[in-house]
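When reading the values below, keep in mind they use all heavy atoms of this one structure, side chains included, and skip hydrogens, waters and symmetry mates. Throughout, residue positions are numbered sequentially from 1 according to the sequence presented. In listed order, ligands and their atoms are each counted from 1.
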Amino acid sequence: MLKLPDYEFWFVAGSQFLYGEEQLKNVARDAEDIVKKLNESGSLPYKVVCKGVMTTADGITQFMKDVNYHEEVAGVITWMHTFSPAKNWIRGTVLLQKPLLHLATQYRQDIPYDTIDFDYMNLNQSAHGDREYAYLNSRLNLKNKIVYGFWGDEEVQAEIASWQDVAVAYNESFKLKVCRFGDTMRDVAVTEGDKVQAQIQLGWTVDYWPVGDLVEVIDAVSEDDIDREYQELRNKYDLAPQHNDAAKFTESVRYQLREYLGIKKFLDDRGYTAFCTNFQDLKGLKQLPGLAAQLLMAEGYGFGAEGDWKHAALTRLLKILAHNDRTVFMEDYTLDLRKGHEAILGAHMLEVDPTIASDKPRVEVHPLDIGGKDDPARLVFTGADGKAVDVTVADFREGFRLIYYPVDCRKAEAETPHLPVAKQLWTPTVGLRKGSEEWMKAGGGHHTVLSFTITPEQLHDLGTMLGMELVEIL
Ligand code: MN
């Protein structure tokens with residue numbers, strides 16, 4: 001499964017000395033209480049650590065430097081309990097290299113009409129303290145997240161949780177390494193891209209490796225290891241030999257398991273968490289990796305077909321964000337243009353991630369007209385019903401563009417007995433026609449990541465953190 005470092009978030013309250021020591025102690029106590037209860041709520045995916053009250057420019061600057069250099073810290077959450085003069089935050093905020101969430105909240109949910117006095121007002125100044133602080137961030141063009149509301153509300157906590165996942169994905173983006181077996185598919189434009197820009201802007205390392213080097217590792221996989229995986233496969237999925245004789249079926253499946261174990265070892269030994277293949281570059285391999293790629297995606301590896309390294313990386317990145325829950329590499333495959341049925345049928349030749357299956361996937365072996373190799377084993381299944389997002393990344397001279405729309409997913413209307421691939425049907429929420437027109441005008445390609453877990457807001461936040469141009473078709 002997808003393993004992530006044990007990230008945490010540092011929380012600070014802003015204040016100043018104007019109100020005296022006693023008030024600052026109260027600020028610290030309230031901040032600690034909020035953090036304690038946020039952690040106890042069970043609604044946050046990552047721990048929050050209270051780092052106290054910040055009152056001076058020097059203290060804030062040092063704090064932000066510490067955040068940058070602590071690998072385990074994924075981001076900062078700030079709260080202005082009182083009025084914290086924003087000039088104190090300029091230097092530190094400019095130096096901060098990690099995501100920032102401004103929690104605009106108040107310790108008390110209500111106004112204590114009966115008891116409110118100037119002591120209370122000296123302490124509870126979020127109403128104007130948050131605006132002073134936000135002015136500075138806006139002026140710095142920080143585009144940081146603001147979550148507004150009572151910190152104890154479920155909705156507010158859900159927003160913090162959602163942002164934490166994005167912030168972790170942002171941190172992990174700079175560690176993401178994609179292994180390209182072969183180049184991109186000949187003559188194709190949309191799978192090309194500027195790998196140097198990808199590393200500068202998104203942190204992605206994108207390396208080429210000759211498929212021959214992979215073949216050596218695949219050929220060295222032991223029969224014992226394949227035996228074990230075969231047993232595992234049988235436990236998890238239905239084996240469906242159908243028209244194949246038993247020996248041919250078993251051999252085909254075993255070869256895919258050999259590819260699975262070989263690719264996995266190759267990637268793990270070199271620190272890669274995403275990869276792409278190209279059916280035009282399979283010299284030395286007996287089959288295009290189908291089942292192999294599907295099993296790796298199910299475990300959380302990113303994958304792009306036809307050498308599409310951008311979507312290999314994006315798949316991995318969004319799997320991190322989604323804790324590998326129903327977030328998959330996808331392709332616009334064929335269309336239903338009839339009125340009342342308007343939909344895109346998503347699939348791929350072989351490589352559809354089984355984490356979106358609504359039925360038990362079947363292992364099947366069929367010929368593949370493309371690539372000129374042996375009949376590959378693959379998982380065949382039906383997709384799911386529900387709300388999702390579909391997202392793509394396109395490369396332009398000006399930088400990377402993140403294009404997405406929310407979609408309504410459903411199962412394919414019928415079986416496709418002559419097209420043995422996994423399938424998922426969806427319609428953009430704005431309608432097939434409008435959605436597709438906007439998508440194409442923006443230069444969005446046919447390879448995407450489809451997620452039942454990620455929200456449009458999270459894509460907005462992630463794209464913003466990564467400095468991408470956003471095309472939101474909402
Ligand atoms: Mn494709």
Subject >> Trace of the salt bridge (charged side-chain N to carboxylate O under 4.0 Å, His left out) decision for Lys175 with Glu172 >> reply: CA-CA 5 Å; Lys175 300 176 192 169; Glu172 288 289 305; 3.3 Å; yes

**OP:** Carefully, step by step, assess Gln294 and Glu351 under the rule side-chain hydrogen bond (donor to acceptor under 3.5 Å, both in side chains).
**Re:** CA-CA 6 Å; Gln294 292 176 298; Glu351 312 93 333; over 6 Å; no

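The set of protein atoms (N, O or S) found at less than 2.8 Å from the Mn ion (ligand 1) reads Glu306 OE1, Glu331 OE1, His348 NE2, His447 NE2, by chain and number.
For the pairing with Leu350, the side-chain contact (heavy atoms from CB on, under 4.5 Å) check across Leu368, Val421, Val380 returns one residue only, Leu368. For the pairing with Leu239, the side-chain contact (heavy atoms from CB on, under 4.5 Å) check across Leu233, Val365, Thr250 returns one residue only, Leu233.
Contacts of Glu192 classified as salt bridge (charged side-chain N to carboxylate O under 4.0 Å, His left out), with partners at least two apart in sequence or in another chain: none.
For the residue pair His102 and Asn144, no side-chain donor N or O sits within less than 3.5 Å of a side-chain acceptor on the partner.
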